[in-house]
Peer 1: 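The following block contains the structure, expressed as structure tokens.
Naming: A, B, ... by sequence-line order, numbering from 1 per chain.
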Amino acid sequence: MEVLLHPVVGGVVLGNLLIAVGSALVGTFAVLRREALVGDVLAHATVPGIGLAYALLSRTELSVLLWGAVLSVSGALLALNVLRREGREDARLGILLSIAFGAGIVLLTALQRGGGVQQAGIWRILFGQAAAMTWSDVALVGGVVVPASLFVAVAFKELVALAFDAEFVRTLPLPLRWVEFGYRVVLAAIVIVGVYSVGALLMGAFVVLPPMAARLFVRRVGAMAVGAVLVAVVAVMAGIAFSVAFPRVATGPAIVTAAAVLVVCAHLCAPHRGLLARLWRELRVKVRRWDEDAHKVLYRVAERSTGGRWEDWSIEELVAAEVGSRARAVGIVLWLWMVGSIRHKRLQRWSVTARGREKACYITRRHRLWELYLERCVGIAPEQVHAEAELIEHVLTPELEERLEALLEHPQKDPHGRPIPPGQP
Amino acid sequence: MIECRGVTVSYGRRIALWNISFELPSGVLAAIVGPNGAGKSTLLRAIMGLVPLQQGEIRLWGHRLAAVRRRISYMPQRESVDWDFPLTVFDVVLMGRYGHVGLFRRPRPSDEERAWQALVQVGLEHLARRQLNELSGGQQQRVFLARALAQDAELYLMDEPFAGIDAATEGVLLDVLRQLQEEGKTVVVVHHDLSTVARLFEWVLLLNQRLVAAGPVEEVLTAERVREAYGGRSVLDEVVQRALLERRSIVREGQ
Ligand SMILES: Nc1ncnc2c1ncn2[C@@H]1O[C@H](COP(=O)(O)OP(=O)(O)OP(=O)(O)O)[C@@H](O)[C@H]1O
Ligand SMILES: [Mg+2]
């Protein structure tokens with residue numbers, strides 16, 4: 001709080017926070033509508049207007065120059081509306097963006113050659129002047145962000161419905177054309193004041209990055225908007241802190257980079273949808289399969305190689321039980337020892353623990369029950385049932401196992417004539 | 001009650017509907033039938049004012065659309081929206097009430113009550129709090145159906161509600177249609193399956209850019225008319241092909 005009262009820093013922090021809040025709220029709908037590129041087009045379209053305003057008025061304050069941006073962004077909105085049925089959307093937006101930005105840069109560089117704008121002038125338009133916001137700038141930003149946020153709050157239900165199913169909503173007896181128009185105006189206004197903070201080049205990205213991060217964590221649009229505001233605020237604080245610590249780093253780009261880092265983190269860490277969560281789920285399934293297959297080997301060893309003996313094995317006996325290679329046998333032994341299913345006597349002789357034996361019986365039992373079911377009830381040939389059972393045994397639930405057993409009338413032998421181990425007492 | 005006179009619609013240079021004229025009586029259960037790209041969806045969208053008419057006029061109960069929007073309910077094709085959206089099933093059904101709620105207002109308890117009833121009617125009340133991206137195709141179709149029902153309209157326009165649903169959902173849909181009919185509502189359904197049109201509907205519009213025929217099923221659904229609409233392929237071909245496809249999928253499942 002104290003920092004907000006600081007005569008200079010306070011203005012910088014408050015101004016950037018206001019922009020963060022406004023752009024996160026509006027950006028939520030840009031993301032939901034899959035219109036990320038529209039914000040980018042509008043942001044780039046501020047440049048020619050700013051150049052024009054400078055050429056005509058010869059003033060350098062952004063608060064004056066941004067009125068030029070209002071003009072050129074309105075032009076871009078109009079063009080988007082007129083051309084909305086022409087060609088493919090991505091091509092249309094890309095071309096519009098290039099034209100607007102190209103014209104702007106041509107204008108600004110021409111002025112600069114003429115001795116008007118300093119190098120720093122172009123720089124602060126493209127990358128913002130986040131660290132140089134005055135209190136009067138903050139007042140202007142607030143004058144845009146507060147009404148914009150109010151609009152989003154009031155028209156929330158309509159904006160959500162339009163984003164989800166515009167075609168349906170347009171058939172309702174409501175004047176939604178105006179809500180749609182209001183949304184465009186608000187998006188444009190936020191993007192224009194965003195030039196203060198992160199600049200024309202990066203504002204398009206800053207509008208959509210925080211909502212994209214929030215999207216991965218939420219189940220409702222309201223929560224997404226709140227989450228986006230939080231992410232944007234964190235990005236602003238991190239960006240400012242970073243550029244205070246490293247004064248050569250421009251604040252605006254630092255803010256956007258922080259937002260991008262947060263998006264990447266969100267993609268990694270989000271529950272359910274995140275990359276790590278997905279990898280973890282896959283890994284758990286793999287480990288479980290490996291563990292159960294290893295225990296099945298135990299059962300086979302006891303059944304075939306050693307003739308019903310559960311103690312005092314050698315690795316050779318394991319290999320003999322269709323394990324395949326010696327390396328795999330060693331791997332299985334190592335795993336089983338790690339999970340406490342076998343113990344060893346000087347690494348030579350191995351014995352199955354009570355727990356290992358229980359698990360071995362359990363998985364083998366499910367395998368053989370399923371084989372029997374496939375043969376008897378589905379009519380699959382006995383030679384083929386093994387491969388099918390290899391897959392299903394890992395996902396059979398105890399309830400299903402019980403019902404299988406009842407259905408098969410408590411069988412003793414599987415289709416290959418081998419005994420089915422009894423269930424837990 | 002739906003009265004189309006010389007309706008022509010085009011997308012850019014491509015004509016989707018050419019000079020369509022018909023009059024649909026009130027209280028019937030009607031099907032719009034035609035091959036892919038015949039303009040069936042376009043006709044519904046034209047009635048709902050979603051595409052501009054190049055020519056012609058559409059009147060509903062003798063009025064222009066703007067005056068009677070409240071009395072119409074529209075159910076778009078399921079594929080027309082992105083179902084990976086952070087909303088719950090109930091949120092979507094409640095959208096059917098937005099026309100009654102009004103702009104910028106919160107839905108009243110009575111609206112929520114009505115949305116809930118619609119959800120019960122399609123048998124989805126147990127999924128009310130479910131995320132949209134966790135629904136099957138048939139469940140999505142039911143959500144749209146519930147949203148349309150929640151609108152409490154007199155005319156229902158449904159785009160392919162029978163597409164891609166299982167027997168249970170089809171049962172729900174047929175019940176809903178029957179009930180709407182009993183309540184004296186008018187229902188227009190875009191339908192694809194020629195073999196069931198005669199059984200399910202009393203009125204048919206045969207469409208293929210132009211109107212091939214419109215009227216009671218038994219008058220309209222003659223072999224040559226259908227052949228005309230489907231450009232040479234007879235009903236028999238269609239039905240036989242469908243039967244073959246079904247057989248093939250049964251065989252595949254059995255393996
Ligand atoms: N938004 C659009 N832009 C351009 N052409 C379109 C558009 N929508 C439809 N069309 C064209 O208009 C014609 C009619 O389309 P429509 O969707 O009404 O057909 P349909 O009878 O509903 O087909 P389907 O059975 O595949 O749903 C088609 O040739 C289609 O390519
Ligand atoms: Mg269609």
Side-chain angles (χ1 to χ4, degrees), chain A residues 28-29 31-35 83-87 150-180 182 211-212 214-228 270 272-273 378-381 384 388, chain B residues 11-12 41 44-45 47-52 65-88 90-92 94-107 111 129-134 143-144 147-148 151 153 155 157 159 254-255:
Chain A
T28 295
F29 292 97
V31 168
L32 288 177
R33 297 164 67 112
R34 299 178 177 270
E35 284 186 348
L83 299 175
R84 70 177 181 278
R85 291 191 207 286
E86 302 296 322
L150 279 179
F151 172 78
V152 171
V154 169
F156 191 78
K157 136 176 157 292
E158 285 74 16
L159 288 172
V160 173
L162 275 168
F164 172 62
D165 191 354
E167 179 152 304
F168 170 78
V169 177
R170 282 194 199 112
T171 66
L172 298 177
L174 299 172
L176 283 155
R177 197 177 296 235
W178 293 105
V179 177
E180 186 83 34
M212 277 165 62
R215 171 80 180 83
L216 297 168
F217 291 86
V218 300
R219 298 169 64 84
R220 305 287 288 274
V221 181
M224 180 171 162
V226 172
H272 306 302
R273 289 163 165 254
V378 188
I380 294 178
Q384 287 169 5
E388 297 281 342
Chain B
Y11 296 101
S41 302
L44 290 196
R45 302 180 73 228
I47 296 173
M48 288 316 301
L50 292 167
V51 284
L65 174 69
V68 292
R69 271 193 195 279
R70 196 174 297 276
R71 298 161 69 183
I72 317 173
S73 164
Y74 171 59
M75 175 177 164
Q77 256 170 295
R78 160 157 55 97
E79 297 81 14
S80 66
V81 303
D82 176 10
W83 290 88
D84 186 11
F85 201 97
L87 283 174
T88 64
F90 190 74
D91 293 334
V92 175
L94 200 55
M95 281 178 197
R97 301 299 302 170
Y98 283 7
H100 302 257
V101 174
L103 215 55
F104 306 145
R105 296 230 184 82
R106 285 170 56 97
D111 294 310
R129 297 279 154 226
R130 182 72 73 87
Q131 275 276 287
L132 288 189
N133 59 10
E134 294 162 3
V143 172
F144 266 8
R147 183 177 68 176
Q151 285 188 270
L155 167 63
L157 305 176
D159 203 346
Q255 272 174 359

Peer 1: Do A:R219 and B:E134 pass the side-chain contact (heavy atoms from CB on, under 4.5 Å) test, and can you show the C-alpha distance, the side-chain angles, and the key distance before you say yes or no?
Peer 2: CA-CA 11 Å; A:R219 298 169 64 84; B:E134 294 162 3; 3.6 Å; yes
Peer 1: Check whether A:A163 gets within reach of chain B through its side chain, its backbone, both or neither, counting any heavy atom under 4.5 Å.
Peer 2: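 For A:A163, backbone and side chain are both near chain B.
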Peer 1: Is A:R215 salt-bridged to B:D84, cutoff N-O under 4.0 Å?
Peer 2: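 Yes, A:R215 and B:D84 are salt-bridged.
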Peer 1: Hey, does B:D91 have a side-chain heavy atom less than 4.5 Å from the side chain of A:F164?
Peer 2: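 Heavy-atom side-chain distance check fails, nothing below 4.5 Å.
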Peer 1: Side chains of B:Q151 and A:L172, heavy atoms from C-beta outward: is any pair under 4.5 Å?
Peer 2: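 In contact.
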Peer 1: Looking at every heavy atom in both B:G99 and A:P173, which two are closest together, and how far apart are they?
Peer 2: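 The answer is CA-CD, 3.9 Å.
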Peer 1: What part of B:F144 gets closer than 4.5 Å to chain A, counting heavy atoms only: side chain, backbone, both or neither?
Peer 2: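 It is the side chain, since no backbone atom gets that close.
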Peer 1: Counting only non-hydrogen atoms closer than 4.5 Å, does B:L50 touch chain A with its backbone (N, CA, C, O), its side chain (CB onward), both, or neither?
Peer 2: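 For B:L50, the contact with chain A is made by the side chain alone.
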Peer 1: About how many Å separate CZ of A:R34 and CZ of B:F85, when rounded to the nearest 0.5 Å?
Peer 2: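 So the gap between those two atoms works out to 9.5 Å.
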Peer 1: Please give me the minimum heavy-atom distance between A:F168 and B:G96, naming the atom from each residue.
Peer 2: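 Heavy atoms only, the tightest pair is CZ-CA, 4.2 Å.
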Peer 1: Would you check if B:M95 and A:D165 make a side-chain contact, meaning some heavy-atom pair closer than 4.5 Å?
Peer 2: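 No, too far: nothing below the 4.5 Å cut-off.
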Peer 1: Is any side-chain heavy atom of A:E167 less than 4.5 Å from a side-chain heavy atom of B:R45?
Peer 2: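 Yes, their side chains come closer than 4.5 Å.
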Peer 1: Could you look at B:L132 and say if it's the side chain, the backbone, both or neither that has a heavy atom under 4.5 Å from chain A?
Peer 2: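 Only the side chain of B:L132 comes within 4.5 Å of chain A.
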Peer 1: Shortest non-hydrogen contact from B:L103 to A:L174?
Peer 2: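 Smallest heavy-atom distance, with atoms named: N-CD2, 3.8 Å.
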Peer 1: Between A:R273 and chain B, with a heavy-atom cut-off of 4.5 Å, which part of the residue counts as in contact: side chain, backbone, both or neither?
Peer 2: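 Contact with chain B: side chain only.
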Peer 1: First locate atom NZ of A:K157, then atom CZ of B:R106, and finally report the distance between them rounded to the nearest 0.5 Å.
Peer 2: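 Here the rounded value is 10.0 Å.
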Peer 1: Please state whether the side chain, the backbone, both or neither of A:L176 comes within less than 4.5 Å of a heavy atom of chain B.
Peer 2: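 Side chain only.
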Peer 1: Based on non-hydrogen pairs under 4.5 Å, which of B:I72, B:V101, B:V81 is most in contact with chain A?
Peer 2: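 Looking at each of B:I72, B:V101, B:V81 in turn, B:V81 comes out on top.
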Peer 1: Which distance, rounded to the nearest 0.5 Å, do you find between the CZ of A:R220 and the CZ of B:R129?
Peer 2: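 A:R220 CZ to B:R129 CZ: 6.0 Å, rounded to 0.5 Å.
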Peer 1: Between A:L32 and chain B, which part of the residue has a heavy atom less than 4.5 Å away: side chain, backbone, both or neither?
Peer 2: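 Backbone plus side chain of A:L32, per the 4.5 Å heavy-atom cut-off to chain B.
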Peer 1: What heavy-atom pair brings A:E158 and B:G102 nearest, and what distance separates the two atoms?
Peer 2: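 A:E158 and B:G102 have their closest heavy atoms at OE2-O, 3.9 Å.
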Peer 1: Counting only non-hydrogen atoms closer than 4.5 Å, does B:V68 touch chain A with its backbone (N, CA, C, O), its side chain (CB onward), both, or neither?
Peer 2: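 It is neither, since no heavy atom gets under 4.5 Å.
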Peer 1: Non-hydrogen atoms of chain B under 4.5 Å away: do they reach the side chain of A:V179, the backbone, both or neither?
Peer 2: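 Side chain of A:V179 only, per the 4.5 Å heavy-atom cut-off to chain B.
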